[in-house]
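Only a predicted model underlies this, so the values are computations on that prediction, with no experimental measurement involved. Numbering of residues begins at 1 and proceeds along the displayed sequence.
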Amino acid sequence: MSEPAHILVVDDHDEIRNSVSSYLERNGMRTSVAESDAEMDAQRARHSFDLIVLDVMMPGEDGLTACKRLRQECGTPVLMLTALGEDDDRIEGLEGGADDYLSKPFNPRELLARIRAIMRRSEKSPPQDPFAGKRIRFAHLELDYDGRTLTAPDGTRNQVTSGELKLLSILLERPRIVMSRDELLEMTAGRVAGPLDRTIDNQISRLRRKIEPDVLRPRVISTVRNGGYSLTCDVEVSS
């Protein structure tokens with residue numbers, strides 16, 4: 001028999017932390033708990049975890065900052081817990097590298113289902129990254145993929161977040177192909193869009209501020225009515 005998944009639950013509310021831990025253990029998982037970023041790091045130093053459930057609002061380092069740091073330090077999947085209606089927190093969490101989010105209050109069964117879905121995705125062998133170690137030229141820009149840096153002809157540099165890089169790399173792999181919002185969300189976050197989900201639109205808007213000469217008249221990433229988005233230029237990849 002395989003070992004049960006080991007989940008780290010990070011939340012400063014005792015009731016939420018303990019109830020989530022108990023529910024996951026009743027459903028065959030092993031859990032550890034932490035109430036702050038410092039305790040999270042202490043637990044990570046002692047154990048290897050299959051997934052981290054991370055609350056946004058914590059004392060010390062907040063969950064959004066902690067998620068970005070985790071993405072730089074390890075590949076452990078992260079599910080973020082956010083306050084109901086805090087769209088900016090959810091978007092920033094996904095852009096910072098979270099694998100999924102769940103709004104409070106939540107149904108424990110949904111939390112369990114999302115954890116299992118993330119773990120199923122993470123168990124699959126990740127495809128080889130075609131842009132790792134490469135420089136990509138498109139439109140008027142050059143992207144240092146590993147450095148997550150965009151360079152303009154005048155030498156101006158702009159950093160992109162991990163979420164922006166993931167979205168941009170999908171478009172760069174498919175120049176002149178129209179990608180729907182649902183396809184982009186599935187490929188970047190591994191989830192299905194809800195009827196009012198604006199995650200991809202917001203990410204495209206932020207990305208355009210870094211790559212478009214004129215944000216009000218975007219030409220590099222075009223919006224296709226009733227279709228989605230498309231990279232409009234050729235792409236050149238070099239070492």
Side-chain angles (χ1 to χ4, degrees), residues 1-126 129 161-163 165-166 185-186 188-192 199:
M1 294 181 61
S2 60
E3 290 289 323
H6 193 179
I7 310 298
L8 176 60
V9 181
V10 187
D11 198 302
D12 64 324
H13 289 86
D14 293 346
E15 184 178 349
I16 294 176
R17 187 174 64 248
N18 295 331
S19 63
V20 167
S21 175
S22 297
Y23 184 82
L24 295 180
E25 290 190 350
R26 290 198 302 272
N27 284 274
M29 296 183 178
R30 179 186 171 201
T31 65
S32 296
V33 297
E35 64 177 356
S36 66
D37 62 300
E39 285 194 14
M40 176 185 73
D41 290 340
Q43 289 281 21
R44 290 175 55 226
R46 292 193 293 267
H47 306 288
S48 176
F49 294 101
D50 297 290
L51 183 140
I52 298 174
V53 177
L54 181 61
D55 184 37
V56 169
M57 299 300 295
M58 293 192 304
E61 184 181 53
D62 66 82
L64 296 172
T65 304
C67 181
K68 292 176 183 177
R69 179 167 60 83
L70 287 169
R71 286 286 69 85
Q72 295 175 346
E73 297 175 356
C74 68
T76 306
V78 174
L79 187 154
M80 299 209 67
L81 301 179
T82 68
L84 182 63
E86 294 295 332
D87 290 338
D88 288 343
D89 285 349
R90 292 198 292 269
I91 293 167
E92 189 173 348
L94 291 169
E95 290 185 337
D99 295 86
D100 202 354
Y101 66 83
L102 191 59
S103 297
K104 297 179 181 179
F106 54 84
N107 186 319
R109 290 178 58 190
E110 183 177 2
L111 173 65
L112 179 63
R114 287 175 181 262
I115 287 174
R116 286 174 171 168
I118 293 171
M119 293 180 61
R120 282 195 300 270
R121 295 198 300 267
S122 64
E123 287 171 358
K124 298 177 182 179
S125 298
D129 192 336
T161 67
S162 59
L165 182 67
K166 184 181 292 186
L185 188 60
E186 172 66 26
T188 55
R191 61 185 180 84
V192 177
T199 300

For this session: Could you go through the side-chain hydrogen bond (donor to acceptor under 3.5 Å, both in side chains) check for His6 and Ser48 one step at a time?
Result: CA-CA 8 Å; His6 193 179; Ser48 176; over 6 Å; no
Problem set entry | Trace of the side-chain contact (heavy atoms from CB on, under 4.5 Å) decision for Val56 with Met80 | CA-CA 7 Å; Val56 169; Met80 299 209 67; 3.7 Å; yes
For this session: Check step by step if side-chain contact (heavy atoms from CB on, under 4.5 Å) holds for Leu79 and Leu111.
Result: CA-CA 9 Å; Leu79 187 154; Leu111 173 65; 3.9 Å; yes
For this session: Apply the test side-chain contact (heavy atoms from CB on, under 4.5 Å) to residues Arg26 and Leu112: give CA-CA distance (whole Å), side-chain angles for both, the deciding distance (0.1 Å), then the verdict.
Result: CA-CA 11 Å; Arg26 290 198 302 272; Leu112 179 63; over 6 Å; no
For this session: Given side-chain contact (heavy atoms from CB on, under 4.5 Å), test Arg116 with Met29 step by step and report yes or no.
Result: CA-CA 10 Å; Arg116 286 174 171 168; Met29 296 183 178; 4.0 Å; yes
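Using a 4.5 Å cut-off on side-chain heavy atoms (C-beta onward), Ile16 and Lys104 make contact. Side chains of Tyr23 and Val9 form no contact here, defined as non-hydrogen atoms less than 4.5 Å apart. Looking only at side-chain heavy atoms (C-beta outward), His47 and Arg30 come within less than 4.5 Å of each other. Side-chain contact check for His13 versus Arg17: every heavy-atom pair is 4.5 Å or farther apart. Using a 4.5 Å cut-off on side-chain heavy atoms (C-beta onward), Glu61 and Arg69 make contact. In this structure the side chain of Val10 reaches within 4.5 angstrom of the side chain of Ile52, judged on heavy atoms.
Taking OG1 from Thr199 and OH from Tyr101, the interatomic distance works out to 5.0 Å, rounded to the nearest 0.5 Å. Rounding to the nearest 0.5 Å places CD1 of Ile7 at 5.5 Å from CD1 of Ile115. Residue Arg109 holds its CZ atom at 10.0 Å from CG of Asn27, rounded to the nearest 0.5 Å. Separating the CG atom in Asp55 from the CE atom in Met40 is a distance of 12.0 Å, to the nearest 0.5 Å.
Without hydrogens or angle criteria, Asp62 side chain to Met57 main chain gives no donor-acceptor distance under 3.5 Å. With hydrogens and angles ignored, the 3.5 Å screen pairs a side-chain donor or acceptor of Ser22 with a backbone N or O of Asn18. Of the possible polar contacts, one joining the Gln43 side chain to the Val33 backbone as a donor-acceptor pair under 3.5 Å is found.
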